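Computed over heavy atoms, backbone and side chain alike; hydrogens, waters and symmetry mates excluded. These numbers come from a predicted model, not from an experiment.
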Amino acid sequence: MAERILMNEYKSLAQEKWVNIELNEDDIFNWNIGLIVLNPDSLYYGGYFKAKMTFPKNYPYSPPEFRFLRPLYHPNIYEDGKLCISILHAPGDDEMSGELAAERWSPAQRVESVLISILSLLDDAEVSSPANVDAGVMLRKEPEKYKEIVRENVEASKKDIPDGFVMPTHESTMKRPVEKTDDLDFWADSDDDDVFGGSDSDEEMNFDSEDEEESS
C-alpha cells in the first residue's frame with residue numbers, strides 16, 4: 001500500500017511548480033527534492049533548497065524523514081540539515097514537548113502538507129525552543145544581520161539548481177485571465193438577419209400580405 005500511495009503523491013507533486021522531485025535510483029521510498037520559494041514577500045524568495053526525503057515502509061502510519069542537504073541558518077534547522085517541526089514527529093501526544101497529537105504526524109497527512117509546512121516554517125520561525133540557539137538569538141536581537149545571512153543562504157542555494165532546469169518565478173506561475181468576447185460587441189458587429197438564419201424584410205412581409213389578400 002505504501003508504494004501505491006507514494007507513487008500517486010509523486011505524480012501529483014510532479015505537476016507543481018514550487019517543488020522539483022526526483023526519485024533516488026528509482027526508489028519510491030527515497031526522494032531528492034528541490035523546494036522553490038515562489039512567494040515574493042518571503043525572505044527566501046528565489047531560493048532552490050535541496051533536500052532529501054525518506055519514507056518508512058509502513059507509510060503513511062509513520063512520518064517521513066526530511067533533511068536539507070545544504071543546511072540553512074534558521075532557528076528550527078539543526079546544523080546537519082534536519083528540522084525541528086511538529087508535523088514530522090511520531091503520532092500521538094507528547095507530554096515532554098507539550099505537542100498535541102493534532103500538531104504531529106498522522107496517517108491523514110501527506111507529503112504536500114509536510115512540504116508546505118516546511119516552507120511556512122522558513123518565514124515563521126519558532127524561537128521558543130530552537131534547534132539552532134545562535135540563529136534564534138540573532139533573529140530576536142539582530143534581525144538585520146539574520147536577514148543578511150538568509151540572503152547569503154538563498155544565493156548559495158542557487159548553485160544546486162539542476163542543469164537545464166528552468167527556475168519558475170512568481171510571475172511565471174500566475175494564471176493569465178482568459179480573454180472573453182464582449183457580448184455587446186458581438187451583436188453590434190453581427191448581421192442580424194444572418195444571425196437568426198432568415199430575412200424578415202418589409203418587401204417580403206408585404207409580399208406575403210398581398211398573397212393572403214388575393215387568396216381570400
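Note: Ile36 CD1 to Tyr45 OH = 11.0 Å, rounded to the nearest 0.5 Å. Atom CG of Leu38 is separated from atom CH2 of Trp18 by 9.5 Å, given to the nearest 0.5 angstrom. Atom CG of Leu88 and atom CZ of Arg104 lie 10.5 Å apart (nearest 0.5 Å). Between Lys158 atom NZ and Phe49 atom CZ the span is 9.5 Å, to the nearest 0.5 Å. Considering NZ of Lys147 and NZ of Lys145, their distance stands at 15.5 Å, rounded to 0.5 Å. A distance of 11.0 Å separates CZ in Phe29 from CG in Leu23, rounded to the nearest 0.5 Å.
In this structure, Trp105 contributes its side chain and Pro64 its backbone to no donor-acceptor pair below 3.5 Å. Between the side chain of His74 and the backbone N or O of Leu121, at least one donor-acceptor pair lies under 3.5 Å. No side-chain donor-acceptor contact under 3.5 Å links Ser12 to the backbone of Glu9. At distances below 3.5 Å, not a single donor-acceptor pair connects side-chain atoms of Arg67 with backbone N or O atoms of Lys82. Side chain of Thr173 to main chain of His170: a donor-acceptor pair is present (N/O by atom type, distance under 3.5 Å, no hydrogens or angles).
Hydrophobic clustering keeps Tyr44 apart from Tyr78 (ILVMFWY residues linked when any side-chain heavy atoms are closer than 4.5 Å, directly or through intermediates). A continuous path of ILVMFWY side-chain contacts below 4.5 Å connects Tyr61 to Leu6, so both sit in one hydrophobic cluster. By the rule that hydrophobic residues join a cluster once side-chain heavy atoms approach within less than 4.5 Å of another member, Val137 and Ile149 end up as members of separate clusters. Residues Leu35 and Val166 do not share a hydrophobic cluster, clusters being chains of Ile/Leu/Val/Met/Phe/Trp/Tyr side chains in contact below 4.5 Å. A single hydrophobic cluster is seen to contain both Tyr59 and Met7, as judged by linkage of ILVMFWY side chains at heavy-atom distances under 4.5 Å, directly or through other members.
Across every non-hydrogen atom of Asn20 and Pro162, the tightest pair is ND2-CG, 3.9 Å. Nearest heavy atoms, Lys17 versus Pro168: O-CG, 3.3 Å. Residues Pro71 and Glu79 approach most closely at CG-O, 3.3 Å, considering heavy atoms. Contact between Pro60 and Ile5 at its shortest, heavy atoms only, is CD-CD1, 3.8 Å. Residue Pro91 comes nearest to Pro63 through the heavy atom pair CD-CD, 4.3 Å, listed as atom of the first residue, atom of the second, then distance. Nearest heavy-atom pair across Ser62 and Asn58 is OG-ND2, 2.9 Å.
Each of Leu43, Ile77, Asn153 was checked for a side chain to side chain contact (heavy atoms under 4.5 Å, CB included) with Leu122, and the lone residue meeting it is Ile77.
Side-chain atoms of Ile85 and Asn76, non-hydrogen and from C-beta on, never get closer than 4.5 Å to each other.
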Please walk me through it: do Arg151 and Glu148 pass salt bridge (charged side-chain N to carboxylate O under 4.0 Å, His left out)? CA-CA 5 Å; Arg151 283 189 281 267; Glu148 182 59 33; 3.4 Å; yes
Does the side chain to side chain contact (heavy atoms under 4.5 Å, CB included) test come out yes or no for Ile33 and Leu115, once each step is laid out? CA-CA 10 Å; Ile33 293 177; Leu115 298 181; 4.2 Å; yes
Verify side chain to side chain contact (heavy atoms under 4.5 Å, CB included) between Leu83 and Phe68, making sure each step is shown before the conclusion. CA-CA 8 Å; Leu83 288 85; Phe68 283 112; 4.0 Å; yes
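By the 30° and 60° cut-offs, the orientation of the rings of Tyr73 relative to Tyr146 is tilted.
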